[in-house]
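Sequential numbering from 1 along the given sequence is applied to the chain's residues. Only a predicted model underlies this, so the values are computations on that prediction, with no experimental measurement involved.
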Amino acid sequence: MNSVSESFKTKPITHLKHIVPLDFKAACNNLPDSHTWNHHDDAQPPADPLTQQETVPVIDIAIPQAMTLIREACEKWGAFQVTNHGIPIELLDQIELQTKRLFALPSEQKLKVLRSPEDFTGYGLPRISNFFSKLMWSEGFTIMGSPIDHARQLWPNDHIDFCNAMGEYQNELRGLTERLLRLMFGSLGLQQQNIGWFNSEIESKSPQAVLQLNSYPVCPEPNQAMGMAPHTDTSLLTLVYQGSVSGLQVFKENVGWLPVEPIPGAFMVTVGDLMHIFCNGRFKPALHRALVNKTSHRISTAYFYGPPKDVEISPPSELIDRDHPVLYRPVTFKEYLDAKGTHFDKALEFIRHMN
Ligand SMILES: C=C1C[C@]23C[C@H]1CC[C@H]2[C@@]12CCC[C@@](C)(C(=O)O1)[C@H]2[C@@H]3C(=O)O
Ligand SMILES: O=C(O)CCC(=O)C(=O)O
Ligand SMILES: [Fe+2]
């Protein structure tokens, strides 16, 4: 069993309302009270012209300065957009098409692959739903490894294209994520060969990655709805593809929520909590959220890259000294997912050493 399955079994979701998405087609004319959030007037970027110019850095991964730019972005923002990464646009278009095809299925069909309370793959609301009193205006489909069993149920005679596209996408995303990780480690002066879990060729020691497809249907009252509530990702690193419809925002300390404008073919890269733990606080996890809109159905994909099973994440000696004592106790992916499942945004505090 993988770490994510183990964690979901330890902490099953107790209310079905936190798993079953709304039938959005049936509810398109008014926003139910269950989905009405307090007005987020903070949705607009601040008026101050100085801070207005601030935006998540855009980095061409193929230029010589990429390593330095990535380090600066991860220290200051915990996020950046990456371009010129080599994942073909045709594949991205195909992923967008297959994702839309999935969410366009009738509700009854999607419910055939509904997540069970103690599992994480399949159709449903994001796991973080149970930490908020209001429900999100979104639906998701979560994949680890091959989606073939679910795809067969969704399209009994026609699941091959979906599976092929998702398989190829996961391979490409793994390659790009590992390339980004090598740059990030290099930028911190770390010798990659010394990071055992990142080098192992043994299958049982391979990284554990989750691919999440998100759908945000058009919404009658977007200013009072929330697509994906504010959170940091549990992963080491996440790659988000948001197509061409805006909605993704990153929170910047002392500034507020800033939009991450879609750039054709670009990925938004976010530092996850486990990376923050691994680099002893040097890179910080990005707090982000997704808003919805009145006119365009928005889809996104998020690829969460986590460490191999049973590996304890703790900082390498190069990042520890008298001025930089170890901030967090060592944790496995499963232990940290459990902590997230109980403490949510306080999970880092929960594992922090009391120096
Ligand atoms: C590997 C992961 C990453 C998880 C938990 C587990 C499986 C499902 C992932 C997501 C996907 C949707 C957003 C998120 C915030 C959520 O609610 O479920 C993610 C979460 C996390 O980053 O914590
Ligand atoms: O839809 C988006 O742009 C963000 C999705 C996200 O943050 C996630 O799936 O973790
Ligand atoms: Fe996220």
Side chain to side chain contact (heavy atoms under 4.5 Å, CB included) for Phe304 and Leu237? Distances and angles first, verdict last. CA-CA 6 Å; Phe304 304 92; Leu237 208 61; over 6 Å; no
Is there a side chain to side chain contact (heavy atoms under 4.5 Å, CB included) between Met268 and Val250 once you walk through the steps? CA-CA 10 Å; Met268 176 171 87; Val250 166; 4.0 Å; yes
So Ser300 and Asn214, side-chain hydrogen bond (donor to acceptor under 3.5 Å, both in side chains) or not? Walk me through it. CA-CA 5 Å; Ser300 71; Asn214 295 308; 3.2 Å; yes
Full working for side chain to side chain contact (heavy atoms under 4.5 Å, CB included) between Arg298 and Gln242: CA-CA 8 Å; Arg298 176 171 187 271; Gln242 58 166 341; 2.8 Å; yes
So Val255 and Glu253, side chain to side chain contact (heavy atoms under 4.5 Å, CB included) or not? Walk me through it. CA-CA 5 Å; Val255 178; Glu253 213 54 59; over 6 Å; no
Just do the salt bridge (Lys or Arg N to Asp or Glu O under 4.0 Å) check on Lys294 and Glu221 with the steps written out, would you? CA-CA 7 Å; Lys294 227 175 183 148; Glu221 299 278 358; 5.5 Å; no
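Heavy atoms of other residues, nucleotides or ligands lying less than 6.0 angstrom from NZ of Lys17 number 12 at most.
Minimum interatomic distance between Phe120 and Asn2 (heavy atoms only, all atoms of both residues): CE2-OD1, 3.9 Å. Heavy atoms only, all atoms of each residue included: His85 and Arg179 are closest at O-NH1, 3.3 Å. Pro21 approaches Ser138 most closely through the heavy-atom pair CB-O, 4.1 Å. Minimum interatomic distance between Asn84 and Ile61 (heavy atoms only, all atoms of both residues): O-CG2, 3.3 Å. Summarising the geometry of Leu291 relative to Arg289, their closest heavy-atom pair is CD2-NE, 3.9 Å, with the distance given to 0.1 Å. The heavy-atom pair separating Leu236 from Met275 by the smallest distance is O-CB, 3.0 Å.
Under the 4.5 Å side-chain heavy-atom criterion for Ile, Leu, Val, Met, Phe, Trp and Tyr, Val82 and Leu69 are members of the same hydrophobic cluster. Under a hydrophobic-cluster definition in which Ile, Leu, Val, Met, Phe, Trp and Tyr are linked whenever side-chain heavy atoms come within less than 4.5 Å, directly or via other members, Leu111 and Leu135 are assigned to different clusters. Under the 4.5 Å side-chain heavy-atom criterion for grouping Ile, Leu, Val, Met, Phe, Trp and Tyr, Val58 is not connected to Leu183 through any hydrophobic cluster.
For the residue pair Thr332 and Glu312, no side-chain donor N or O sits within less than 3.5 Å of a side-chain acceptor on the partner. Side-chain contact, Thr342 with Lys11: a donor N or O sits under 3.5 Å from an acceptor N or O. Judged by distance alone, the side chains of Asp338 and Ser7 do bring a donor and an acceptor atom under 3.5 Å apart. A donor-acceptor contact closer than 3.5 angstrom is absent between the side chains of Thr234 and Asp273. Counting only N and O atoms by type, the side chains of Thr36 and Gln224 include no donor and acceptor under 3.5 Å apart. With no hydrogens or angles considered, no side-chain donor-acceptor pair links Lys100 and Ser215 at under 3.5 Å. With 3.5 Å as the limit, one finds no donor-acceptor pair spanning the side chains of Asn194 and Gln192.
Under the 3.5 Å distance criterion, the side-chain polar atoms of Ser5 are left unmatched by any main-chain donor or acceptor of Met1. Within the 3.5 Å criterion, the main-chain N or O of Ile143 finds no donor-acceptor partner in the side chain of Gln212. Looking at Trp37, its side chain never comes within 3.5 Å of a backbone N or O of Met136 through a donor-acceptor pair. In this structure, Asp321 contributes its side chain and Asp323 its backbone to a donor-acceptor pair below 3.5 Å. Put simply, the side chain of Gln81 gets close to the backbone of Glu261: a donor and an acceptor are under 3.5 Å apart.
A centroid separation of 6.0 Å or more is found between the aromatic rings of Trp137 and Tyr216. Between Trp197 and Phe278, the gap from one ring centroid to the other is short of 6.0 Å.
Interatomic distance, CG of Leu274 versus NZ of Lys340, reported as 8.5 Å (0.5 Å rounding). Atom CD of residue Glu139 and atom CG of residue Leu213 lie 10.5 Å apart, to the nearest 0.5 angstrom. Note that OH of Tyr169 is 13.0 Å distant from CD of Gln98, once rounded to the nearest 0.5 Å. For the atom pair OH (Tyr303) and CZ (Arg174), the distance works out to 6.5 Å, reported to the nearest 0.5 Å. Note that the CZ atom of Phe8 and the CG atom of Leu337 stand 7.0 Å from one another [nearest 0.5 Å]. Rounded to the nearest 0.5 Å, atoms CG (Leu181) and CG (Leu190) are 11.0 Å apart.
Each of Val269, Thr83, Ile70 was scored for a side chain to side chain contact (heavy atoms under 4.5 Å, CB included) with Ile59, with one residue passing: Ile70.
Between Glu75 and Arg71 there is a salt bridge, since a side-chain N of the basic residue sits under 4.0 Å from a carboxylate O of the acidic one. A salt bridge links Lys134 with Asp33: the distance from a Lys NZ or Arg NE/NH1/NH2 to an Asp or Glu carboxylate oxygen falls below 4.0 Å.
Relative ring orientation between Phe131 and Phe344 is described as parallel, the plane-to-plane angle staying below 30° on a 0-90° scale split at 30° and 60°. Aromatic ring orientation, Phe103 versus Tyr123: tilted (interplanar angle from 30° to 60°). Below 30°, between 30° and 60°, or above 60°: for Phe198 and Phe185 the angle between ring planes is above 60°, a perpendicular geometry. Ring geometry for Phe267 versus Tyr241: interplanar angle of 30 to 60°, hence tilted.
With contacts defined as side-chain heavy-atom distances shorter than 4.5 Å, the pair Leu239/Thr301 does not qualify. In this structure, Gln65 and Asp60 have side chains that are not in contact, with every pair of non-hydrogen atoms separated by 4.5 Å or more. Residues Leu327 and His353 fail the side-chain proximity criterion, which asks for heavy atoms closer than 4.5 Å. Between Val20 and Leu125 the shortest side-chain heavy-atom distance does not fall below 4.5 Å. Inter-residue side-chain proximity for Pro315 and Val326 is flagged as met; some heavy-atom pair is nearer than 4.5 Å. Counting heavy atoms from C-beta on, the side chains of Ile13 and Arg115 come closer than 4.5 Å. Inter-residue side-chain proximity for Ile320 and Asn280 is flagged as met; some heavy-atom pair is nearer than 4.5 Å. Between Gln249 and Leu258 there is no side-chain heavy-atom pair separated by less than 4.5 Å.
For His231, the ring-ring contact (aromatic ring centres under 6.0 Å, His included) test picks out His288, with sequence neighbours left out. Legend: residues meeting ring-ring contact (aromatic ring centres under 6.0 Å, His included) with Tyr328, ordered by chain and number and at least two apart, are His276.
For Lys252 and Trp257, the positive end is not near the middle of the six-membered ring at less than 6.0 Å and at most 45° from its axis.
Counting only residues at least two apart or on different chains, the side-chain hydrogen bond (donor to acceptor under 3.5 Å, both in side chains) pairs with a member in residues 156-168 are Arg101-Asp158.
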